[in-house]
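Report on one structure; see the data block that follows.
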Amino acid sequence: MLINGVEIEDTFAEAFGMWGSRLIITGANERWARTAAEAATGLATSIIGCGCEAGVNRLADDEETPDGRPGVAALFFTVSRSSMEAQLLTRVGQAVMTCTSSACYDGLEAEERLKIGGKLRYFGDGFQGSKKLGGRRLWRVPVMDGEFVVEETFGVAKGIGGGNFFIMAEDYPTALAAAEAAVDAIGDVPGVILPFPGGIVRSGSKTSSRYKGQHVSSNTPYCPTIRTVIGDTALRKGENAVLEIVLDGFSEEGMSRAMGVGIRAACIPGVTRITAGNYGGTLGQFQFPLHQLLKA
Amino acid sequence: MGCVSCTGAVLDGNVLTLVRREASPEAVDGSGISPDRFLGKSAAEIARLPARLGGREVTLGDLFAIEGFHPEQIVVRGDVRSLTDLGRGMTRGEVTVLGDVGPRVGAEMRGGEIVVQGAAGDALGARMRGGRILVEGGAGDFCGTAAGEPGQTGGTIVVRGPLGKEAGARMRGGMLVALGSTGERTGADMEAGTIFVAGRTGPEPGLGMHGGTIVVFGDAEPPATFDYACTYQPVFPGDYLRELRRWGLAEEDGGVEGAFRRYLGDLDSVGKGEILVRDQS
């Protein structure tokens, strides 16, 4: 398959089941809503090293924030419900509550609930109060600039982590421009995040190492600087830079849509190929065949 | 505004309509007029249900001309100013009154919706536990409660016109929204819940308040037994505004702007109540 002269390999991205939560974080203005969300989703690139994968997502077109103030969605993905609770307690408590003017609401209608605000309320030292509104309980915790409003519970639902595609290009500026275009395009898809810095991964990994105790290592087959000294390079002559896009989301449909718009946006002159990472279909619960999702 | 689904039903003639046959100064006990009681019955069967006019036992059919067949969407028409306890304890459905109505509408209501397109009498939504009441006009004294009785514990009451004395008194939960002004002792002896007053409150709002919140957008003078704490910008009123907007009861976009003066009291009581008065300076 060719898109704008760029070869799309006939392969698939292999992804895994995760648990996801969606928080709506508001602030006095867009700047502080985003600041709180970016702090809460910071250092959450890879589940392996960070305990969760997270990112900021815009609200849906017809969605308004619970308190009517400017806000954004923050999505979190972990391997279990219990680890989600631990992550949210830390991240909401340390990064949202501490951010001036912020408030934090559940943004996911899910049956399974995690008690987050209901635990963070104790920060109020007995002076916290609550309001029950439309079946939800909101806690008002006194803080130095007024009150931190946080919802008692947050929904947690099954999600998908590790969707991916690789952009191979003739040079780094082209790879970067293509990856940026992909990130911008995917940013319009609600319910999907790109957890790595700026949405782009430069240090893709493989699940093996020559060092004892090191479980992952650089994805050497895709590293151009050592192409000639390894026996299993995946790069062709003329491919001098590779960037990867990694996606997490709540649904296969959303992930497919995001990958589709991202790949199409990345097909610019100078990009040689787009492929995806998998383990032969042996490890992941989900498969995203590139040709199939691009035909949809 | 109001009961959108009901309005649609009026147009297609599906609603169950009760038209008062003739006005009477004697009280008509309307506690039997509720979707719960009408469910599964035809208009003829509903007409045979017992009712009370003054001290006399009559049937609903004696008092109202009844037609239509949707017992969960009831419209009451005619001069029903002497109708009391309409929808008492109802748990579901919609009741619309096309005009003024008497006291204790929606008392002990648990669910569903009542819309009064005129004014309502005293003790509107007394001891209400759930559901919604919207009154397009004003309402009498003791909204959400009754003299000396416990107050509202849940649900939402929205009144567009003025409210009488002791609105929200002894409230223990839920929301009372007065889009006009309120009389003396608004939220007196309140324990929990939230009262919004768009206009001004009468004297001594929150007197004896143990807990809960009174938010005043107009003017209010808390009793001397309340302490001024600070002037700040609370976030949570915006959450209520959005909820009201979701029900079609508020139209403006955005959150609640501006700063509020926060008073804590009543210090003669437990003192855990709060009155927020929008800062006009």
Side-chain angles (χ1 to χ4, degrees), chain A residues 23-30 32-33 36 59-72 92 96-97 99-107 109 117 120-121 124-152, chain B residues 111 129-132 152-156 171-177 191-196 209-215 229-247 249-262 264 270-274 276:
Chain A
L23 278 52
I24 295 177
I25 297 171
T26 66
N29 53 43
E30 181 80 32
W32 289 106
L59 300 180
D61 289 337
D62 59 349
E63 188 175 16
E64 61 176 345
T65 60
D67 58 27
R69 301 189 303 165
V72 296
V92 175
V96 183
M97 183 164 68
C99 182
T100 186
S101 81
S102 71
C104 190
Y105 304 95
D106 179 41
E109 285 185 15
L120 293 175
R121 70 184 168 109
D125 200 24
F127 296 97
Q128 67 274 19
S130 75
K131 290 289 174 194
K132 200 169 180 185
L133 182 60
R136 300 178 300 140
R137 184 174 291 283
L138 302 176
W139 284 100
R140 298 166 59 197
V141 180
V143 287
M144 294 192 298
D145 69 356
E147 291 170 342
F148 172 54
V149 173
V150 59
E151 196 153 343
E152 163 112 341
Chain B
R129 300 183 197 179
R132 299 201 294 263
Q152 178 183 353
T153 58
T156 301
M171 188 178 192
R172 288 186 288 160
M175 170 168 39
L176 168 59
V177 182
E191 294 179 20
T194 308
I195 299 174
F196 289 94
M209 199 173 177
H210 302 193
T213 305
I214 302 173
V215 183
C230 71
T231 299
Y232 81 123
Q233 292 185 302
V235 170
F236 78 93
D239 296 286
Y240 282 84
L241 182 67
R242 190 230 190 187
E243 201 70 12
L244 291 170
R245 195 183 299 133
R246 220 160 54 88
W247 296 335
L249 298 174
E251 282 149 19
E252 57 192 279
D253 290 334
V256 173
E257 306 268 322
F260 287 76
R261 300 193 306 274
R262 186 175 200 238
L264 299 176
V270 180
K272 289 191 172 178
E274 64 177 340
L276 305 178

**Request:** Using the test salt bridge (Lys or Arg N to Asp or Glu O under 4.0 Å), find all partners of B:E191 that sit at least two apart in sequence or belong to another chain.
**Result:** none

**Item:** For B:T231, all residues meeting side-chain contact (heavy atoms from CB on, under 4.5 Å), sequence neighbours excluded
**Value:** B:Y228, B:A259, B:R261, B:D279

**Message:** If I compare all heavy atoms of A:V149 with all of B:F236, which pair ends up nearest, and what's the gap?
**Reply:** CG2-N, 4.3 Å

**Request:** Tabulate, in ascending numerical order, the residues of residues 128-135 of chain A having at least one heavy atom closer than 4.5 Å to a heavy atom of chain B, or enter 'none'.
**Result:** A:K131, A:K132, A:L133, A:G134

**Message:** So, using salt bridge (Lys or Arg N to Asp or Glu O under 4.0 Å) as the criterion, who are the partners of A:R140 when residues are at least two apart?
**Reply:** A:E147, B:E274

**Asked** Roughly how far, to the nearest 0.5 Å, is the OG1 atom of A:T65 from the CZ atom of B:R242?
**Response** 7.5 Å

**Request:** Check whether B:R262 gets within reach of chain A through its side chain, its backbone, both or neither, counting any heavy atom under 4.5 Å.
**Result:** side chain

**Item:** Exercise: identify the closest heavy-atom pair between A:L138 and B:D239
**Value:** CD1-CG, 3.6 Å

**Request:** Could you tell me which portion of B:T156 (side chain, backbone, both or neither) has an atom closer than 4.5 angstrom to a non-hydrogen atom of chain A?
**Result:** neither

**Prompt:** Heavy-atom distance under 4.5 Å to chain B: side chain of A:F127, backbone, both or neither?
**Reply:** neither

